[in-house]
Amino acid sequence: MAKDLTTRKENYSQWYNNLVVKADLAEQSAVRGCMVIKPYGYAIWEFMQDALDKMFKATGHVNAYFPLFIPKSFFGREADHVEGFAKECAVVTHHRLMNDPNGGGVVVDPDAKLEEELIVRPTSETIIWDTYRNWIKSYRDLPILCNQWANVVRWEMRTRLFLRTAEFLWQEGHTAHADREEAVAEARRMLDVYTEFAEKWLAIPVYRGVKSANERFAGALDTYCIEALMQDGKALQAGTSHFLGQNFAKAFDVKFLNKENKLEHVWATSWGVSTRLMGALIMSHSDDDGLVLPPKIAPIQVVIVPIYKNDEERTITCQRGAELKQQLEAAGLRVKLDDRDNQKPGYKFHEWELKGVPVRLVIGPRDVKEGTVEVARRDLMSKEVMAYEGLVAKVTELMQAIQDNIYQKALNFRNDNTFEVDTWDAFKEQIEKGGIVHAFWDGTTETELKIKEETKATLRFIPLDVKEENGTDVYSGKPAKMRVYFAKAY
RNA sequence: CGGGAUGUAGCGCAGCCCGGUAGCGCGCUUCGUUCGGGACGAAGAGGCCGCAAGUUCGAAUCUUGUCAUCCCGACCA
């Protein structure tokens, strides 16, 4: 176990907070609820951004940027939307500071009050749809497939590093379409993109589904989601894609002339993932020794640690290490040679394990003489001695093997912790223990809320293409047509 | 917004009950010895004790106020 890292069993939430800070991913800032993302954590986010951005572009999307500030009046236009976000908005009321004439330091200049307050965006539907009105006149202007990488602010009561911060980074796609079918297809397509990203890159298996009316995004007709299961048995919503219908087009008067020369409202989607994925990544794979990063998004994929007793040995092992680094980099790997002279090998081993580097190569004088290298895997915490010859190919293969193993392990955990239950007692008992529960639901919000009240479990999603079958609701005992998934969630 | 807790060196903490001018561990700096799983020795640097009043000859310590943060809930990506 890593020094000073709380174990998961001891206190899962403390383990998480501890790990985020110790692995140098992020730390609390001077501003309540806002974090500083440190270089190592930000590097992971950049790999996420890079992969997602490529996938967005491959599916025909382009990037744009819209303002941070939104006129207050915009929020009133869509009733559900304002209700959903009103309680967590940061509001700008003034535009100038001054020195307090009474010597109280810098104060807000009361003469600099804004005519209309500005809301720091909690999400950008309103400002974007106000803009789209000017962009869209004809069916020939559609579809619009825009994404933006941005920060947003939601004034949360209680925050946690990456999982829920007052300010967070995300991408938000906002698309406009000529008809309903195309918009629904777009929302579904982006759910596919998120699924692929979560599973192939982050090695996080996800369930795909649609939210109940109660859990739907404010202003959406349908909210599709990917849900992941964390190691403590709680679910985490990892991404959402919304079919917005014509709600925003109506609220912002966005119409187009169709082929029949008739004026119609535009159909919309929006979809996003955030730095919350960092939290999902950490909680899916990491252990009591620290982070476990899937090779595809690990800022450092291979770390090389030289072992030596004197200057001469230091020279030859570092030389061999540098040579190996060059070869690995030529093969496209991200490599760090840890030639610091002020730390002993043991210290370095623990540090890189804490930071989740997938593979560690150790080169001592013995290895140089015998043409070998010690190869250690972070995911298995195993090590073996391999020949220096042909090592590049072996390490390259290891990357995929580790990526697959991490995914498989998470998938097994997820499957082992998804339970089908048919009685209310079994439901309560299982929710208490943790995991995802698959049970019959009568389809009413009333039942959903009662279940939440009594067990704190929420209806996470209704599976896509859910099969209709007859059963009885696990709570109400009323006839039910389908099984859905419940869990306690982040 | 309810409940709990904490503010003393970069980090983690002790000292407070019983007032007398601040200490420990880690880290940091320099030198030497070390180096195949978190090294050791020696010598150093670093703090108006969250802030503001009050009591007192004297406050990290007592009183009052205030600010902030963290944790657990309710709400949310």
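Chain naming here is simple, since letters A, B, ... match the order of the sequence lines and numbering starts at 1 in each.
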Heavy-atom pair of closest approach, residues A/Ile204 and A/His285: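 Heavy-atom minimum between the residues: CG1-NE2, 3.8 Å.
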
Heavy-atom closest contact (A/Gly219 atom, A/Phe248 atom, distance):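 Nearest heavy atoms, A/Gly219 then A/Phe248: O-CE1, 3.9 Å.
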
Rounded to whole Å, how long is the line connecting atom [atom1] of [X] with atom [atom2] of [N]?
| X | N | atom1 | atom2 | result |
| --- | --- | --- | --- | --- |
| A/Gln343 | B/rG37 | CD | C1' | 14 Å |
| A/Met157 | B/rG3 | CE | P | 14 Å |
| A/Glu351 | B/rG27 | CD | C1' | 13 Å |
| A/Glu156 | B/rC76 | CD | P | 10 Å |
| A/Leu163 | B/rC71 | CG | C1' | 15 Å |
| A/Glu313 | B/rC35 | CD | P | 9 Å |
| A/Leu449 | B/rA74 | CG | C1' | 14 Å |
| A/Ile307 | B/rG37 | CD1 | P | 7 Å |

Donor-acceptor side-chain pairing of [X] and [Y] below 3.5 angstrom:
| X | Y | answer |
| --- | --- | --- |
| A/Tyr475 | A/Glu448 | no |
| A/Gln301 | A/Lys336 | no |
| A/His242 | A/Ser270 | no |
| A/Asn11 | A/Thr6 | no |
| A/Thr195 | A/Arg208 | yes |
| A/Thr93 | A/Glu117 | no |
| A/Asp341 | A/Tyr308 | yes |
| A/Thr269 | A/Trp271 | yes |

[X] near the nucleic acid: base, sugar-phosphate alone, or nothing, with a heavy-atom cut-off under 4.0 Å?
| X | answer |
| --- | --- |
| A/Phe168 | base |
| A/Arg154 | base |
| A/Gln14 | nothing |
| A/Thr165 | base |

Counting only side-chain heavy atoms from C-beta out, which of [options] sits nearest to [X]?
| X | options | result |
| --- | --- | --- |
| A/Asp367 | B/rG36, B/rG37, B/rC75 | B/rG36 |
| A/Tyr308 | B/rC71, B/rG38, B/rC35 | B/rC35 |
| A/Arg158 | B/rC70, B/rC71, B/rG36 | B/rC71 |
| A/His350 | B/rC35, B/rG37, B/rC28 | B/rG37 |
| A/Gln28 | B/rC70, B/rC1, B/rC76 | B/rC70 |
| A/Ser13 | B/rC71, B/rC1, B/rC76 | B/rC71 |
| A/Lys456 | B/rC35, B/rC75, B/rG73 | B/rG73 |

Between [N] and [X], is there an OP1 or OP2 to side-chain N/O distance shorter than 4.0 Å?
| X | N | value |
| --- | --- | --- |
| A/Lys488 | B/rG73 | no |
| A/Lys452 | B/rC76 | yes |
| A/Asn17 | B/rC71 | yes |
| A/Lys344 | B/rA39 | yes |

Pair A/Asp287 + A/Arg378, salt bridge at N-O below 4.0 Å: yes

Base [N] to side chain [X], donor-acceptor N/O within 3.5 Å cut-off:
| X | N | result |
| --- | --- | --- |
| A/Lys383 | B/rG37 | yes |
| A/Glu353 | B/rG38 | no |
| A/Arg360 | B/rG37 | yes |

Would you measure the distance from the [atom1] atom in [N] across to the matching atom in [M] and give it in whole Å?
| N | M | atom1 | result |
| --- | --- | --- | --- |
| B/rG47 | B/rG23 | C1' | 11 Å |
| B/rC17 | B/rA59 | P | 14 Å |
| B/rA14 | B/rG73 | C1' | 32 Å |
| B/rG25 | B/rG15 | C1' | 15 Å |
| B/rC13 | B/rU8 | C1' | 10 Å |
| B/rA74 | B/rG4 | C1' | 16 Å |
| B/rC31 | B/rA60 | P | 38 Å |
| B/rG50 | B/rU56 | C1' | 23 Å |

Closest-nucleotide ordering on RNA chain B, the 5'-leading residue of A/Pro345 and A/Glu88: A/Pro345

Face-on cation placement of A/Arg160 at A/Tyr490 ring, 6.0 Å and 45° thresholds: no

Structure string for RNA chain B in dot-bracket form, Watson-Crick and G-U at under 3.5 Å, | interchain: ((((((((.[[[[.)....(..]]]].((((((.....)))))).....[[[[[..)....]]]]])))))))....

Donor-acceptor under 3.5 Å (A/Arg121 side chain, A/Asn151 main chain):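 Side chain of A/Arg121 to backbone of A/Asn151: a pair is present.
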
Stretch residues 227-236 of chain A: residues that reach within less than 4.0 Å of RNA chain B through a heavy atom: none

